[in-house]
**Student:** 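This is the structure I have questions about; it appears just below.
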Amino acid sequence: RNTRASEQLAYKLNDSLAIAEVSLSLGNLYALDQNRKALIYITRAKDYFEKKRRVFQLSATWVTLANTYLAFGEPARAYE
């Protein structure tokens, strides 16, 4: 519930870095639940970090995305 409220606030404030961080958090939570929504949120975070040229966060998010694809049995996607 707090994460959803954080997401709504980030969008309301139009804070792209906050949106990226919250998206990554939601993606990680969905991944723990083995829910494929994780890929949507982690990809969203990656896109925002890419737009803002946040290299450290972007590289960490790429690793998270690859690991999530591996967890869902999609090694080809993990190594794209």
Side-chain angles (χ1 to χ4, degrees):
R1 186 172 172 138
N2 283 339
T3 307
R4 290 286 181 200
S6 297
E7 181 183 31
Q8 289 175 345
L9 182 58
Y11 276 103
K12 181 180 175 183
L13 296 173
N14 198 27
D15 184 338
S16 57
L17 289 177
I19 293 168
E21 292 289 348
V22 171
S23 295
L24 186 56
S25 293
L26 282 167
N28 285 325
L29 288 171
Y30 278 120
L32 288 172
D33 192 41
Q34 298 180 342
N35 186 321
R36 293 190 65 81
K37 284 184 180 180
L39 297 169
I40 295 166
Y41 283 98
I42 297 168
T43 300
R44 181 179 301 151
K46 175 193 65 74
D47 292 343
Y48 274 101
F49 287 137
E50 204 164 46
K51 285 179 192 174
K52 289 295 187 176
R53 296 189 164 116
R54 301 302 292 244
V55 178
F56 177 77
Q57 291 94 336
L58 180 60
S59 61
T61 303
W62 270 113
V63 171
T64 300
L65 185 59
N67 286 331
T68 304
Y69 276 119
L70 288 173
F72 286 126
E74 297 183 39
R77 297 291 312 264
Y79 298 110
E80 285 182 353

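We're numbering straight along the sequence, starting at 1. Heavy atoms only: backbone and side chains are in, while hydrogens, waters and symmetry mates are out. Note that this is a predicted model, so its numbers are computed, not measured.
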**Student:** Got a sec, which pairs hit ring pair (Phe, Tyr, Trp, His ring centres under 6.0 Å) with one end in residues 29-59, sequence neighbours left out?
**Tutor:**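 Sorted pair list: Y30-Y41.
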
**Student:** Compare every heavy atom of A38 with every heavy atom of A31, then report the nearest pair and how far apart it is.
**Tutor:**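 Answer, listing the atom of A31 first, then A38: N-CB, 3.4 Å.
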
**Student:** Tell me every residue that passes salt bridge (charged side-chain N to carboxylate O under 4.0 Å, His left out) with E21, counting only those two or more places apart in sequence or in another chain.
**Tutor:**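 With sequence neighbours excluded, E21 shows a salt bridge (charged side-chain N to carboxylate O under 4.0 Å, His left out) to no residue whatsoever.
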
**Student:** Please tell me if the side chains of I42 and K46 come closer than 4.5 Å, counting only heavy atoms from C-beta onward.
**Tutor:**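 Contact flag for I42/K46 side chains = no.
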
**Student:** Would you give the length of the straight line joining atom CD of Q57 to atom CG of L24, rounded to the nearest 0.5 angstrom?
**Tutor:**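 If we round to the nearest 0.5 Å, Q57:CD and L24:CG are 9.5 Å apart.
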
**Student:** Which pair of heavy atoms, one from Y11 and one from R44, lies closest together, and at what distance?
**Tutor:**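 So the minimum-distance heavy-atom pair works out to OH-CD, 3.4 Å.
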
**Student:** Quick one: NZ on K52 to CG on L58, what's the gap to the nearest 0.5 Å?
**Tutor:**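 Between atom NZ of K52 and atom CG of L58 there are 14.0 Å.
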
**Student:** In Å and rounded to the nearest 0.5 Å, what is the CG to CG distance from L65 to L70?
**Tutor:**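 One finds 10.0 Å between CG of L65 and CG of L70.
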
**Student:** Rounded to the nearest 0.5 Å, what separation is found between the NZ atom of K51 and the CG atom of D47?
**Tutor:**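 Separation between the atoms: 6.5 Å.
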
**Student:** Just so I know, are the side chains of L32 and N28 near enough to count as touching, which here means a heavy-atom distance under 4.5 Å?
**Tutor:**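 No; the side chains remain at least 4.5 Å from each other.
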
**Student:** In Å and rounded to the nearest 0.5 Å, what is the CZ to CG distance from R77 to L39?
**Tutor:**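 If I round to the nearest 0.5 Å, the distance is 8.0 Å.
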
**Student:** Just verifying a value: how many Å separate T61 OG1 and E50 CD, rounded to the nearest 0.5 Å?
**Tutor:**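 Separation between the atoms: 10.5 Å.
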
